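Model, not experiment: these values are computed from the prediction. All heavy atoms count here, side chains included; hydrogens, waters and symmetry mates do not.
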Amino acid sequence: MSAALRAQLFLYLISLLSGTGLTRYIEDNEASDGLYSLISLAQKRESEDFIFRRPLRCLDMLATEGYFTFVASRPQLACAAFIIAEPSEVISLELSDVSIDCSAGDFIKIFDGWVLKGEKFPSSNDHPLLPHERYTDYCSSAATTVSSQSSQNVAMIFFRIHSPESGFTLTVKKVHNPFPCNIMSQSPEGSFTMVMPHQRRNCSFSIIYPVEIRLTDLSLGDAKSNEISPLRQKWPGCSGSGDYVELLGGNGVDTSKMFPVADLCFSLSGLAQMKIGCDNSVVRLVSSGNYINRVTFQYRLLDQNEIPKTRENSLENLCSVE
């Protein structure tokens with residue numbers, strides 16, 4: 001991803017989180033996730049044979065492999081770094097050279113996914129791990145080096161350090177993922193194909209922009225028709241089939257809290273499209289595990305004058321649009 005696209009993504013995330021702060025951090029209870037904000041950082045491209053190194057900031061966004069070292073200049077009680085890779089990659093993280101005092105309340109925790117505005121991506125309904133299993137806690141480990149690999153193309157770390165000169169080094173590496181599932185898009189425009197091969201799993205492709213989504217191809221296990229069902233809040237047909245695609249819109253990142261825009265539970269070889277004027281637009285593939293399911297789609301950023309002010313088919317207030 002280019003530096004310009006990275007900066008665009010980071011600035012848009014900031015606009016989503018304006019007015020929030022990094023107020024409270026992860027304790028033992030998942031309900032204490034708190035609210036988080038991001039800063040913009042345009043990192044330069046690095047050649048393949050160059051090992052990238054730079055300081056890690058208290059609030060940071062990383063999209064490059066390398067070594068990132070944090071050294072506290074003063075007590076830093078609420079810090080986070082968001083890491084993102086390409087859709088077809090997962091993220092390997094390693095903590096080393098750690099000098100913190102866990103007994104004094106310092107901590108470093110890795111989270112498998114992102115937390116934005118108190119919501120998790122992927123949602124607990126769609127993640128293969130239980131909520132508490134998604135955290136890797138340095139202070140709970142007896143090892144001096146702690147590592148973790150994400151289940152999707154995003155991960156993050158939380159840390160609190162009281163004493164100046166204390167810190168750690170975070171190593172970020174990217175690993176190819178042959179069957180990407182639960183993806184956060186780096187770009188407001190593009191195309192993608194999600195494939196789920198005989199696995200009972202739900203996969204979401206999240207685009208944190210208002211976009212137009214065009215489904216160009218859909219192959220599901222039980223092909224009976226090619227009709228799209230727009231703007232239904234309950235799906236007696238599709239949800240019962242066990243294999244379907246739904247389009248969601250909302251202003252958070254937890255798909256279980258988003259609004260249904262459309263659903264499609266039959267194979268499609270034509271074109272179905274929908275404009276979603278929300279902060280977050282999602283294509284979600286639900287699979288029973290009995291078939292090989294595949295969905296291909298394109299998406300593009302909506303111009304401001306394209307964002308619907310009123311909702312079609314009497315579904316009002318889908319998203320608040322200023």
Side-chain angles (χ1 to χ4, degrees), residues 1 84-91 113 121-123 125-129 150-154 174-209 211-232 235-250 253 255-256 258 260-276 280-301:
M1 181 174 62
I84 189 168
E86 295 297 326
S88 60
E89 297 173 329
V90 293
I91 302 164
F121 178 84
S123 73
N125 293 339
D126 291 350
H127 201 278
L129 300 177
S150 69
S151 304
Q152 61 289 309
N153 75 321
V154 292
K174 300 176 183 180
V175 180
H176 177 67
N177 182 10
F179 295 106
C181 180
N182 295 324
I183 299 130
M184 184 71 72
S185 177
Q186 295 185 353
S187 169
E189 299 184 351
S191 61
F192 196 74
T193 297
M194 279 194 296
V195 180
M196 186 47 53
H198 294 291
Q199 293 184 29
R200 184 180 179 86
R201 191 176 181 188
N202 306 329
C203 294
S204 295
F205 190 96
S206 182
I207 311 157
I208 46 177
Y209 301 90
V211 296
E212 178 186 68
I213 296 175
R214 296 186 178 188
L215 300 182
T216 57
D217 185 67
L218 175 61
S219 176
L220 296 172
D222 189 13
K224 296 178 181 178
S225 178
N226 62 352
E227 295 297 324
I228 191 167
S229 304
L231 300 168
R232 293 190 298 177
W235 308 271
C238 285
S239 62
S241 70
D243 298 272
Y244 59 97
V245 165
E246 58 182 348
L247 303 183
L248 304 172
V253 294
T255 54
S256 67
M258 297 176 71
V261 177
D263 67 298
L264 188 63
C265 48
F266 308 109
S267 292
L268 172 74
S269 58
L271 179 68
Q273 66 184 60
M274 183 71 63
K275 293 180 180 179
I276 305 178
N280 191 16
S281 309
V282 170
V283 179
R284 185 169 181 260
L285 176 63
V286 177
S287 296
S288 66
N290 298 323
Y291 311 100
I292 298 175
N293 293 327
R294 183 183 69 252
V295 57
T296 299
F297 55 93
Q298 301 170 348
Y299 56 101
R300 68 169 183 87
L301 182 66

Point to revise | ring-ring contact (aromatic ring centres under 6.0 Å, His included) pairs, two or more places apart, involving residues 178-203 | key: F192-F205
Point to revise | Q298 side chain near Q273 side chain, heavy-atom distance below 4.5 Å | key: no
Check your understanding: Would you call N182 and S151 a side-chain contact if the rule is heavy atoms closer than 4.5 Å?
Key -> no
Study note, to complete from the structure: Smallest heavy-atom separation, S256 atom then N125 atom, equals CB-ND2, 3.4 Å
**Study point:** Closest contact, heavy atoms only, P197 versus I292
**Key:** CA-CG1, 4.2 Å
Check your understanding: Can you name the side-chain contact (heavy atoms from CB on, under 4.5 Å) partners of T193, sequence neighbours left out?
Key -> V195, R294, T296
Check your understanding: CG/L248 to OG/S206 distance, rounded to the nearest 0.5 angstrom?
Key -> 9.5 Å
Point to revise | Q152 side chain near V90 side chain, heavy-atom distance below 4.5 Å | key: no
Review point. Is the shortest heavy-atom distance from the side chain of V245 to the side chain of V283 under 4.5 Å?
Key: yes
Point to revise | Residues forming a side-chain hydrogen bond (donor to acceptor under 3.5 Å, both in side chains) with N177, sequence neighbours excluded | key: none
Point to revise | Residue list, side-chain contact (heavy atoms from CB on, under 4.5 Å) with E89, at least two apart or on another chain | key: A85, E86, K174
Review point. Rounded to the nearest 0.5 Å, what separation is found between the CG atom of N293 and the CD atom of Q199?
Key: 11.0 Å
Revision key, fill the gap. All heavy atoms of T216 vs all of F297, minimum pair found to be OG1-N, 4.2 Å
Exercise for review: Taking the side chain as every heavy atom from C-beta outward, state whether V295 and D217 have any atom pair closer than 4.5 Å.
Suggested key: no
**Study point:** Any side-chain donor near an acceptor of the partner, D243 and S287, under 3.5 Å
**Key:** no
Check your understanding: Of all residues at least two apart in sequence or in a different chain, which pass the side-chain hydrogen bond (donor to acceptor under 3.5 Å, both in side chains) check with S219?
Key -> none
Point to revise | Sidechain N-carboxylate O distance under 4.0 Å for D126, R284 | key: yes
**Study point:** Heavy-atom closest pair, residues S191 and Y299
**Key:** N-CE2, 3.7 Å
Exercise for review: For S123, check side-chain hydrogen bond (donor to acceptor under 3.5 Å, both in side chains) against everything at least two apart and list the hits.
Suggested key: T255
Check your understanding: Are the side chains of L285 and L220 in touch, meaning some heavy atoms are under 4.5 Å apart?
Key -> yes
Review point. Do Y209 and S187 pass the side-chain hydrogen bond (donor to acceptor under 3.5 Å, both in side chains) test, and can you show the C-alpha distance, the side-chain angles, and the key distance before you say yes or no?
Key: CA-CA 9 Å; Y209 301 90; S187 169; over 6 Å; no
Practice item. Please name the pair of heavy atoms, one in S88 and one in P180, separated by the smallest distance, quoted to 0.1 Å. Key: CA-CG, 3.7 Å
Check your understanding: Shortest non-hydrogen contact from I213 to S281?
Key -> CD1-CB, 4.2 Å
Exercise for review: For residues L264 and L218, determine if any side-chain heavy atom of one lies less than 4.5 Å from a side-chain heavy atom of the other.
Suggested key: yes
**Study point:** Close side-chain approach of M196 to R201, heavy-atom, < 4.5 Å
**Key:** yes
Review point. Which residues pass the salt bridge (charged side-chain N to carboxylate O under 4.0 Å, His left out) test with R214, sequence neighbours left out?
Key: E212
Study note, to complete from the structure: Between the NE2 atom in H127 and the CG atom in N202, the distance rounded to the nearest 0.5 Å is 13.0 Å
